[in-house]
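This report concerns only the one structure given below.
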Amino acid sequence: MGVSDGASLVTVAGGGDGPHDRAGGGDRPADSLFAEVVGQTRAVAQLKAAARRPVHAYLLHGPPGSGKRSAARGLAAALLCPDGGCGRCNTCRRALAGSHPDLVVVERSGASLDVDDARAIVTRAQRRPLESDRQVLMVTDVHLADRAAPALLKTVEEPPPATVFVLVADDLPASLATIVSRCVKVPFDAVSEASVAAWLMDRGVERDLAGSVAGASGGRLDRARLLVSDAGFVNRQEQWRAVPARLDGSGAQAAVVASELLELADQALAPLREEHSKRLAALAEQAEISGSKGIPGRKQVEDGNKREERRWRTDDLRFGLATLASVYRDRLVATADSDDREHSSGSAAEARRSVRQIEAIGLASIALDRNANESLLMEALMVELSGMVD
Ligand SMILES: [Zn+2]
């Protein structure tokens, strides 16, 4: 259908809502704005469409490490660029780097987004943009905003025409239902293992390592990035693979192996701890520049770091268990292969044993998710696997 007369053009434009409306080029925003967002085809398509005809508030939600912040910066570039997100101009570049004055990133000052944070956001939303037609207010960790939510609601619901909210949340707690209902939701999934592996290989990581890091990443790019530079990662994987050969049927040896595996999980925390202390140092520097005594909310930040470390450790144990299960699965496949060739009587019993071992590991992994006591859990599992050796 062609648009041949001026009248229909007016009709199309008449549906707009002032400064939020922009006629974007057909191929704008450029793909390059979302180059850092991995394996989120649906979310990126939604954001590109949104940039051509933006509304007042977006809520990007999904698990940590799924690329929400990169995507939010890409959307901001598209909204601020005079050319609808060319991906090349100075505006696009600064927005992607997070340094454009009309992209305001609000991070919580303590353990949660509190009422003071909400007030700062409300004040900032009223200001006029400095360079562009509009400003983008990106608020992170909105899932931690229950106390701030009432103070934010009215502004998010109806910001000044030149302000667009881009809220970012790991999940959507029921306490935020009202705010959530006022935004266009853009869901992000955990990144698939294949996408994480491809992303690592694009960055020059060799195939085998990319595959195992992807498996251990739990669909989190931030975790993959740390693991790939973690010198101990390959060693930990080998230690887990060696477990079946080390279990000799004695309870004492099972206990030794269990405690070594827990020790490995502690070692896995080193790169994360290093990143945490760098972040704390940056906060301290910031506090010093702004003249405040100590880091505001330091205890909450440290508590948050401890929570993340516990999660990280559990993730590492879970990956170890998956690695261990794969050793028994390989045995099962080998048994089935040899069974094809010669109908040995022992192979059926061997296959049953491998199946039971894989099941026991699966149950331990589920118990880990339920916050079981890790030492008891690992020791019980090793004793169980050990009792099943030949
Ligand atoms: Zn541009």
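These numbers come from the heavy atoms of this one structure, side chains and all, not from hydrogens, waters or symmetry mates. These figures come from a predicted structure and were not determined experimentally.
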Transitive ILVMFWY side-chain link Leu152 to Val115, under 4.5 Å: no
Non-hydrogen side-chain atoms of Asp170 and Lys68 separated by less than 4.5 Å: yes
same_hphob_cluster(Val383, Val327) at 4.5 Å side-chain heavy-atom cutoff: no
Leu103 CG to Gln135 CD distance, which is reported to the nearest 0.5 Å: 10.0 Å
Just distance, no hydrogens or angles: give the donor-acceptor pairs under 3.5 Å from side chains in residues 191-199, sequence neighbours left out.
residue, atom, partner, partner atom, Å
Ser192, OG, Ser195, N, 3.1
Ser192, OG, Ser195, OG, 2.9

Side-chain (Ser212) to main-chain (Asp208) donor-acceptor, under 3.5 angstrom: yes
Greater than 12 external heavy atoms within 6.0 Å of Arg88's CZ: no
Any Val257 side-chain heavy atom under 4.5 Å of Val243 side chain: yes
Euclidean distance, Asp102 CG relative to Glu131 CD, rounded to 0.5 Å: 6.0 Å
Main-chain N/O of Leu376 paired with Asn373 side-chain donor or acceptor, under 3.5 Å: yes
CD (Gln126) with more than 12 external heavy atoms under 6.0 Å: yes
For Phe319, ring pair (Phe, Tyr, Trp, His ring centres under 6.0 Å) partners two or more places apart: Phe233
Asp316 (side chain) donor-acceptor with Ala268 (main chain) under 3.5 angstrom: no
Cluster check Leu363, Leu321: I/L/V/M/F/W/Y, side chain < 4.5 angstrom: no
Trace of the side-chain contact (heavy atoms from CB on, under 4.5 Å) decision for Asp230 with Arg236: CA-CA 10 Å; Asp230 174 2; Arg236 291 201 298 280; 3.0 Å; yes
Separation between CG of Leu60 and CG of Leu75, rounded to the nearest 0.5 Å: 7.0 Å
Distance in Å, Gln357 CD paired with Arg353 CZ, rounded so as to fall on 0.5 Å steps: 6.5 Å
Taking every non-hydrogen atom, the tightest pair across Trp312 and Leu226: CH2-CD1, 3.6 Å
Close side-chain approach of Ser217 and Arg225, heavy atoms under 4.5 Å: no
ILVMFWY cluster, Val37 and Leu200 together (side-chain gap under 4.5 Å): no
Counterpart residues, salt bridge (charged side-chain N to carboxylate O under 4.0 Å, His left out), relative to Glu260 (two or more places apart): Arg246
N/O donor-acceptor pair under 3.5 Å between Thr123 side chain and Arg119 backbone: yes
Exam field: side chain His56 to backbone Arg182, donor-acceptor pair closer than 3.5 Å: yes
His61 side chain near Val186 side chain, heavy-atom distance below 4.5 Å: no
Minimum side-chain heavy-atom gap Cys183-Phe165 below 4.5 Å: no
Contact check, side chains of Leu167 and Leu137, non-hydrogen atoms, under 4.5 Å: no
Donor-acceptor pair, side chain of Arg241 and main chain of Thr323, under 3.5 angstrom: no
Distance in Å, Glu275 CD paired with Leu280 CG, rounded so as to fall on 0.5 Å steps: 11.5 Å
Arg207 side chain near Met201 side chain, heavy-atom distance below 4.5 Å: yes
Shortest non-hydrogen separation from Cys86 to Cys81 and the atoms involved: N-SG, 3.5 Å
Nearest heavy atoms of Pro82 and Thr91, plus distance in Å: CD-OG1, 4.0 Å
Glu309 side-chain N/O to Leu269 backbone N/O, donor-acceptor pair under 3.5 Å: no
Short side-chain to backbone donor-acceptor contact, Thr314 and Arg310, under 3.5 Å: yes
Glu157 side chain vs Ile179 backbone, donor-acceptor pair below 3.5 Å: no
Minimum side-chain heavy-atom gap Glu374-Leu317 below 4.5 Å: yes
Thr140/Met138 under side-chain contact (heavy atoms from CB on, under 4.5 Å): CA gap, chis, key distance, verdict: CA-CA 6 Å; Thr140 64; Met138 172 175 162; 4.1 Å; yes
Single-linkage hydrophobic cluster Val256~Leu262, side-chain heavy atoms < 4.5 angstrom: no
Ile361 CD1 to Arg318 CZ distance, which is reported to the nearest 0.5 Å: 14.5 Å
Exam field: side chain Asp114 to backbone Asp117, donor-acceptor pair closer than 3.5 Å: yes
